[in-house]
Amino acid sequence: MQLDLNLLTALDALLEEGSVAGAAARLHVTAPAMSRTLSRIRKATGDQILVRTGRHMTPTTRAQTMHAQVHTLVQQAHQLLTTQQELDLTTLDRIFTLRWHDALTTACATTLITAVHHHAPNVQLRLTAEPSTDDAELRRGEVDLESSTTTPTLPDIRHHLVGKDQLVIAVRPDHPLTKGPLTLERYAAAEHLTVSRRGSLHDPIDDALTTHGLERHVVAAGPTTTFALQLALNTDLVVTLPNATTRTTREHLGLTTLPPPLPLPDIPLYLLWHQRYDDDRAHTWLRNLATQTIQALFTPPTTPQQPPTHHTEQ
């Protein structure tokens with residue numbers, strides 16, 4: 001049986017774009033030519049791949065299941081047949097998509113964007129919000145670098161520990177908790193706000209309090225750290241969150257920071273990427289630069305911080 005591997009590239013484009021016209025534009029061919037290629041793919045797979053629903057094309061069930069695998073195969077083929085060249089940042093023309101926690105983006109995106117633009121002026125960064133549900137965007141190549149507080153479960157997703165953050169309490173100036181000793185009982189009795197993109201009213205702090213026979217009163221859950229800190233500034237709500245990634249925002253708002261009255265676990269911070277980028281020199285440069293930029297957040301404020309430089313992994 002003879003296989004035309006060009007069909008994989010066409011199939012990848014069709015599944016990514018979801019239309020014949022979009023796939024044709026992506027591969028710089030005419031729409032009739034792409035339509036004929038789709039017919040060949042249908043014959044080879046025994047599946048319709050894309051079916052018309054009203055004015056749009058919808059992938060079949062089989063097409064949806066093979067989407068990620070097809071995309072990975074095409075990316076691997078490109079890497080296999082591409083000559084490795086020395087990385088020239090001055091001519092690098094590429095778009096990188098970063099999906100980071102909002103606190104991390106707020107804390108260091110400005111520094112990272114400035115450094116990237118200085119070293120590689122033709123590179124563009126696309127910073128996206130974290131979704132409310134987990135998905136396979138890393139595997140599909142739609143996200144280049146993701147932040148996470150947990151290690152990935154999928155074997156093809158790489159991860160690197162950037163640092164560990166400590167939890168602190170943020171309250172408005174003159175908050176009742178700022179007056180007198182902050183006991184465990186006073187902390188638990190206060191009204192609290194959680195930060196969760198899924199709207200969870202429970203987090204590990206509640207588990208820690210349970211071991212002491214206490215339960216806190218959670219009034220609300222906020223979707224972003226910035227929202228939570230702004231709410232804490234204007235109310236008596238208490239928010240407990242990572243120190244390093246929120247320090248700049250807390251100081252800008254003039255919030256008071258207090259140490260928790262009980263031991264709480266450190267919050268690890270990982271960068272995640274797909275294994276297809278292990279030997280990608282441009283991606284390696286970006287994740288090294290991102291690592292340096294983030295690690296600077298963990299440097300004590302009294303220590304002068306050096307701007308990130310660029311280098312590649314050995």
Side-chain angles (χ1 to χ4, degrees), residues 100-107 129-134 147-153 159 161-270 272 294 297-302:
W100 288 3
H101 188 277
D102 74 284
L104 187 61
T105 300
T106 300
E130 291 183 299
S132 58
T133 56
D134 295 330
S147 71
S148 177
T149 56
T150 59
T151 57
T153 57
H159 67 279
L161 179 64
V162 181
K164 292 184 178 181
D165 214 342
Q166 290 78 44
L167 290 169
V168 294
I169 299 168
V171 294
R172 66 170 177 82
D174 296 324
H175 188 281
L177 289 186
T178 64
K179 299 174 173 57
L182 179 55
T183 63
L184 193 55
E185 290 73 19
R186 290 185 67 208
Y187 172 71
E191 295 182 329
H192 294 260
L193 172 72
T194 62
V195 182
S196 170
R197 68 179 189 269
R198 293 187 176 93
S200 176
L201 295 169
H202 184 281
D203 62 32
I205 297 170
D206 297 287
D207 298 329
L209 285 171
T210 299
T211 63
H212 293 273
L214 295 171
E215 181 179 352
R216 65 175 178 166
H217 180 204
V218 177
V219 174
T224 67
T225 303
T226 301
F227 168 81
L229 291 174
Q230 188 66 54
L231 195 58
L233 178 64
N234 297 314
T235 67
D236 276 342
L237 291 179
V238 176
V239 59
T240 306
L241 68 188
N243 179 34
T245 54
T246 65
R247 182 186 297 116
T248 300
T249 303
R250 296 196 321 269
E251 293 177 350
H252 176 74
L253 293 174
L255 288 163
T256 298
T257 300
L258 302 172
L262 74 166
L264 294 173
D266 289 344
I267 307 298
L269 180 57
Y270 300 94
L272 278 55
I294 296 170
L297 298 176
F298 297 92
T299 303
T302 54

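In this structure a side-chain-to-backbone donor-acceptor pair under 3.5 Å is missing from Thr106 to Thr226.
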(message) What verdict does the side-chain contact (heavy atoms from CB on, under 4.5 Å) test give for Thr257 and Ile169, after you've listed the backbone C-alpha separation in whole Å, the side-chain angles of each residue and the deciding distance to 0.1 Å?
(response) CA-CA 6 Å; Thr257 300; Ile169 299 168; over 6 Å; no

(message) What verdict does the side-chain contact (heavy atoms from CB on, under 4.5 Å) test give for His175 and Val238, after you've listed the backbone C-alpha separation in whole Å, the side-chain angles of each residue and the deciding distance to 0.1 Å?
(response) CA-CA 9 Å; His175 188 281; Val238 176; 3.8 Å; yes

(request) Would you check, one step at a time, whether the test side-chain contact (heavy atoms from CB on, under 4.5 Å) holds for Tyr270 with Thr151? (result) CA-CA 7 Å; Tyr270 300 94; Thr151 57; 3.5 Å; yes

(request) Test side-chain contact (heavy atoms from CB on, under 4.5 Å) on His202 and Val218 and set out the steps. (result) CA-CA 8 Å; His202 184 281; Val218 177; over 6 Å; no

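Residues Asp236 and Val171 fail the side-chain proximity criterion, which asks for heavy atoms closer than 4.5 Å. Two residues are said to be in side-chain contact when any heavy atoms from C-beta on lie closer than 4.5 Å; Ser200 and Thr194 fail this criterion. Contact of the Lys179 side chain with the Asp174 side chain is registered, since non-hydrogen atoms from C-beta on lie closer than 4.5 Å. With contacts defined as side-chain heavy-atom distances shorter than 4.5 Å, the pair Thr224/Val195 does not qualify. Residues Val168 and Leu258 form no side-chain contact, since every pair of their non-hydrogen atoms from C-beta on lies 4.5 Å or further apart. No side-chain heavy atom of Arg197 sits less than 4.5 Å from a side-chain heavy atom of Pro223. Between Asp266 and Asp165 the shortest side-chain heavy-atom distance does not fall below 4.5 Å.
Note that CD of Glu185 is 5.5 Å distant from CG of Leu214, once rounded to the nearest 0.5 Å. Taken to the nearest 0.5 Å, the OH atom of Tyr187 stands 4.0 Å off from the CD1 atom of Ile205. One distance of note links OG1 of Thr183 with CG of Leu262; it measures 11.0 Å at 0.5 Å rounding. Atom CG of Leu269 and atom CZ of Phe298 lie 5.0 Å apart (nearest 0.5 Å). For the atom pair CG (Asp206) and OG1 (Thr211), the distance works out to 11.0 Å, reported to the nearest 0.5 Å. Going from atom CH2 of Trp100 over to atom OG1 of Thr245 covers 12.0 Å, rounded to the nearest 0.5 Å.
Residues satisfying the side chain to side chain donor-acceptor pair (under 3.5 Å) criterion with Ser147, sequence neighbours excluded, are absent altogether.
Taking every heavy atom of both residues into account, Leu233 and Pro173 meet most closely at CD1-CD, 4.2 Å. Taking all atoms of both residues into account, the shortest heavy-atom contact from Leu229 to Thr249 is CD1-CG2, 3.6 Å. In terms of heavy-atom proximity, His192 sits nearest to Ala190 at CD2-O, 2.9 Å. Of all non-hydrogen atoms in Ala220 and Leu193, the two that sit nearest each other are O-CD1, 3.2 Å. Between Pro259 and Leu182 the shortest heavy-atom distance is O-CD2, 3.6 Å. The heavy-atom pair separating Leu161 from Pro268 by the smallest distance is CD1-CB, 4.0 Å.
The only option from Thr225, Asn243, Val239, Thr256 that meets the side-chain contact (heavy atoms from CB on, under 4.5 Å) definition with Arg250 turns out to be Asn243.
The pair Asp203-Arg216 meets the salt-bridge criterion, since a charged nitrogen lies less than 4.0 angstrom from a carboxylate oxygen.
Between the side chains of Arg172 and Thr235, no donor-acceptor pair of N or O atoms lies under 3.5 Å.
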